[in-house]
Amino acid sequence: MTGRKQLMLVSEGQALSGSATAYAEMIGQLEKKKQIESGTPRAEKVREITERLIAQAVRFRPETASWSWEVQVINEPKTVNAFCMAGGKMAIYSGMWEKLKATDDEVAQVMGHEIGHALANHTQERMSVAMATSLGLAVASVAVSSRTDSPAAGLALGGAALAAAVAIQLPNSRESESEADQIGIDLAARAGYDPRAAVTLWEKMGKLGGGKLPPEFLSTHPSPQTRAARLKELGVRAAPLYAAAKDQPQDARSFLVKKK
């Protein structure tokens, strides 16, 4: 989407199937631990926000309308993070509210950013990095499975599914982060969410960490020093999109997989 060259040893089909398998395993394990929030006002609000963002994502990449989009709220109050795997397999941690008191506009910025990663094939790119050598993947999988805060901890996965699980724990490149910022703010603005919230969210994260980002977020979202200024710049550019979206009815189509 941005014209940047990417290492792609994994096909998009492999990324989609691997992510679907890994996500199902992860969410299944978390459900057994009673860590998936369902039916609460917060979980419903996340679905509402995400539906509006997906509608805009499909305008960027029409073929993603066929993705089996899913989103879950993981009940982990101490964790401030979110992710979106290939194929639109998403999750956000309850620490976003418990620790940051995130507003709807700020949640939209988080989820828009994560969707941006999926639209730009960043999961596929990180899977390719993970699978560049079998040794590299083996070492990474051990590191991930040993982390108690990892949603992939304890999963018995192999091949593309293992690579997909490892990929969401690997840090994005700063180029990827910049791309996801740009796409995410644009998506959120077109969906009717204030682009200035990207900056307020950033400021909250900085205050939470005493001037540094929460370690779990920073581990997968490396940040250049100029990011705050960049977010403000992107917000100014997206302001007209937000102004126009506020006066227009949102796309009422549903893309998320129906809840069981």
Side-chain angles (χ1 to χ4, degrees), residues 1 8 10-32 35-40 42-75 81-93 107-108 110-128 130-131 150-152 155-170 172 180 183-184 187-188 190-191 220 250-260:
M1 293 178 67
M8 293 298 188
V10 175
S11 70
E12 185 165 17
Q14 288 175 309
L16 293 174
S17 63
S19 292
T21 299
Y23 185 81
E25 290 288 339
M26 279 187 266
I27 299 305
Q29 184 181 76
L30 290 167
E31 285 178 332
K32 290 178 182 178
Q35 286 185 274
I36 295 298
E37 194 171 308
S38 180
T40 65
R42 182 164 63 188
E44 292 305 310
K45 176 58 68 174
V46 168
R47 289 184 65 87
E48 175 190 325
I49 292 170
T50 305
E51 286 279 25
R52 287 168 61 174
L53 293 169
I54 296 170
Q56 299 306 317
V58 169
R59 294 178 63 184
F60 271 87
R61 287 186 58 187
E63 72 274 17
T64 64
S66 65
W67 285 2
S68 296
W69 295 87
E70 294 186 64
V71 65
Q72 300 289 350
V73 176
I74 299 175
N75 188 10
N81 212 347
F83 65 82
C84 182
M85 305 171 79
K89 304 300 187 183
M90 295 170 277
I92 183 170
Y93 290 81
V107 170
V110 172
M111 300 311 292
H113 176 95
E114 299 306 327
I115 290 172
H117 281 305
L119 294 181
N121 292 328
H122 291 162
T123 299
Q124 186 182 351
E125 184 175 13
R126 281 181 291 168
M127 286 175 68
S128 296
M131 295 185 74
S150 167
L155 298 184
L157 300 170
L162 173 58
V166 169
I168 62 169
Q169 303 300 318
L170 293 176
N172 287 287
I183 296 169
L187 291 177
R190 292 175 186 273
T220 51
Q250 291 295 313
D251 192 327
R253 289 180 295 170
S254 177
F255 295 94
L256 287 168
V257 171
K258 301 297 182 183
K259 293 181 294 184
K260 296 179 180 179

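Note that the structure is a prediction, hence the values are computed from the model and not measured.
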What closest approach, in Å, do [X] and [Y] show between heavy atoms, and which atom pair accounts for it?
X	Y	answer
A191	R52	O-NH2, 2.6 Å
C84	G88	SG-CA, 3.8 Å
S38	A43	CA-CB, 4.4 Å
L16	A86	CD2-C, 3.9 Å
L119	A57	CD1-CB, 3.8 Å
R47	V257	NH2-O, 3.3 Å

Spatial distance of atom [atom1] ([X]) from atom [atom2] ([Y]) [nearest 0.5 Å]:
X	Y	atom1	atom2	value
L30	I36	CG	CD1	4.5 Å
T50	E114	OG1	CD	11.0 Å
I183	R61	CD1	CZ	9.5 Å
K89	T21	NZ	OG1	9.5 Å
M90	I54	CE	CD1	4.0 Å
E51	R253	CD	CZ	10.5 Å

Could you check M111 against V71 for side-chain contact (heavy atoms from CB on, under 4.5 Å), going step by step and ending with a plain yes or no? CA-CA 10 Å; M111 300 311 292; V71 65; 3.9 Å; yes
Q72 and M26: CA distance, side-chain angles, deciding distance, side-chain contact (heavy atoms from CB on, under 4.5 Å) verdict: CA-CA 11 Å; Q72 300 289 350; M26 279 187 266; over 6 Å; no
Among all residues two or more places apart in sequence or in another chain, which pass the side-chain hydrogen bond (donor to acceptor under 3.5 Å, both in side chains) test with T40?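 T40: side-chain hydrogen bond (donor to acceptor under 3.5 Å, both in side chains) contacts with E37.
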Can you spot which of N81, I49, I92 makes a side chain to side chain contact (heavy atoms under 4.5 Å, CB included) with V110?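 Going through the options one by one, the only one that passes is I92.
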Kindly assign one of parallel, tilted or perpendicular to the pair W69 and W67, based on the angle between their ring planes and the thresholds 30° and 60°.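 Tilted: the ring planes of W69 and W67 meet at 30° to 60°.
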